[in-house]
Amino acid sequence: MPDPPPVADLPYPVSEPAAPVADTWEPPDAWEPPEPAKAPDPPQQPDPGDKAALDARDEAQRVEQQLGTAAGQGATAANELAAAAQADKAVIEANATADLLQQQRLDDQAADAARRQDLEVDRAFTEWDRNGTAEQSAYETTQRLAKGLAGEKAAAEALASEGYDVLYYKPDIAGTNQGGIDIVVQKDGQLFLVDNKALEGWRNVSSVSALDKNLTANTQSMAELFDTYANDPARPAVEQEMYGAAAEKLRSGGYEKVVTNANLAAVSGFPQDVSGRLDELGFQMWDLMGKASPHDPASGAVEPGTQQS
């Protein structure tokens, strides 16, 4: 093979060859495994001849043992306290349940007594309606029916004397044992639905069906009656406006529920409060009779013997 032509004889420029690179590679160091971890030195035991060191070691062991025992005792005491607290809670809950059941029994007994009374009144009214005439005296019915009529009238008059506007009350014996609201009064823009309970004895009122289970139907019926009053051209404009506003309140629930205890014929006391259930339903008790016996004004206040709420 012929030699290449000299660089100067070539028809194009040629770069000068690069300088040779020095060979600097060196082989890696040989791999060496890491040194194994050194085991901790065993605890230094005191010199058998060093009594102070031995005593210190024994004392430390004794304290450590006492601490462990105390920790175990503390855990046991904590468990015992927790168990005692749980037992106390169970006793409290059991007592509360017993009290609730007792109150429920009392309320049921009072409600049953009220139902029996209502049945007696219904029977009396039925006999009067069947056998009598409109001219018959109210006192030719049972004493209880007459007492109810007198109580409702007395409650309405008492409230009127205290500045309440009486919008409605049952005016005669024919309405005394009929369903519906006994009295509707108003004062300072607040409407009150009143049910008078002419009951005997120092016991709480626990059944007011007209303002409880029959409330919706009764307020609707009363609102319709007030609508007729509000649209009666024979009434003054101020009365029409008053009855129209009252009808709206009856429909919207803008009223308060009240129980009164007017009973001019009572001989053994009269209710002073409503039951716990009625209280929770928002019923108020207005004591129109006071705590003194109506037949002995000088006797002073008489504390109810079975008053509970």
Side-chain angles (χ1 to χ4, degrees), residues 103 106-118 120-121 138 142-164 166 168-171 173 175-187 190-212 214-215 218 255-309:
Q103 185 61 50
L106 293 175
D107 289 347
D108 289 344
Q109 291 173 1
D112 186 61
R115 284 192 295 270
R116 288 198 300 271
Q117 173 180 315
D118 290 342
E120 292 178 15
V121 172
T142 64
Q143 179 184 6
R144 197 183 303 275
L145 187 57
K147 188 185 300 182
L149 174 63
E152 290 174 8
K153 286 188 174 182
E157 292 174 359
L159 294 175
S161 70
E162 295 180 8
Y164 289 85
V166 180
Y168 173 85
Y169 80 101
K170 296 177 181 176
I173 199 169
T176 300
N177 76 321
Q178 301 303 300
I181 300 170
D182 289 348
I183 306 169
V184 180
V185 297
Q186 180 174 271
K187 187 175 184 180
Q190 179 61 55
L191 195 68
F192 300 93
L193 310 184
V194 182
D195 195 297
N196 189 71
K197 294 297 183 183
L199 303 176
E200 290 275 351
W202 302 109
R203 56 191 173 95
N204 294 336
V205 176
S206 61
S207 176
V208 188
S209 58
L211 302 181
D212 186 4
N214 299 326
L215 177 63
N218 288 339
Y255 51 79
E256 295 186 24
K257 297 175 290 186
V258 176
V259 177
T260 55
N261 60 353
N263 184 359
L264 302 180
V267 296
S268 59
F270 22 73
Q272 292 292 307
D273 207 347
V274 294
S275 67
R277 185 184 71 85
L278 293 183
D279 181 67
E280 292 177 356
L281 292 175
F283 281 82
Q284 304 176 39
M285 182 71 189
W286 287 359
D287 182 9
L288 301 181
M289 302 298 294
K291 292 185 178 180
S293 169
H295 294 290
D296 186 9
S299 65
V302 178
E303 291 297 329
T306 58
Q307 182 177 354
Q308 299 181 20
S309 60

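For the residue pair A210 and N218, the shortest heavy atom distance occurs at O-ND2, 2.8 Å. Residue K187 comes nearest to E162 through the heavy atom pair NZ-O, 2.9 Å, listed as atom of the first residue, atom of the second, then distance. For the pair A155 and A262, the tightest heavy-atom approach, listed with the atom from each and the gap, is N-CB, 3.8 Å. When all heavy atoms are compared, the tightest approach of A158 to L288 is CB-CD1, 4.3 Å.
Tested against F283 for a side-chain contact (heavy atoms from CB on, under 4.5 Å), the candidates D195, V205, L211 yield a single pass: L211.
Remark: the backbone N or O of V208 is not paired with any side-chain donor or acceptor of K257 at under 3.5 angstrom.
Considering CG of N196 and OG1 of T260, their distance stands at 3.5 Å, rounded to 0.5 Å. Here the straight-line distance linking atom CG of D279 with atom CD of Q284 works out to 9.5 Å at 0.5 Å rounding. In this structure, OG on S206 lies 9.0 Å from NZ on K197, to the nearest 0.5 angstrom.
For the 3.5 Å distance criterion, the side chains of D287 and N261 qualify, holding a donor opposite an acceptor.
The ring pair (Phe, Tyr, Trp, His ring centres under 6.0 Å) test applied to F192 returns Y164, W286, not counting sequence neighbours. Residues forming a side chain to side chain donor-acceptor pair (under 3.5 Å) with D212 (at least two apart in sequence, or on another chain): R277.
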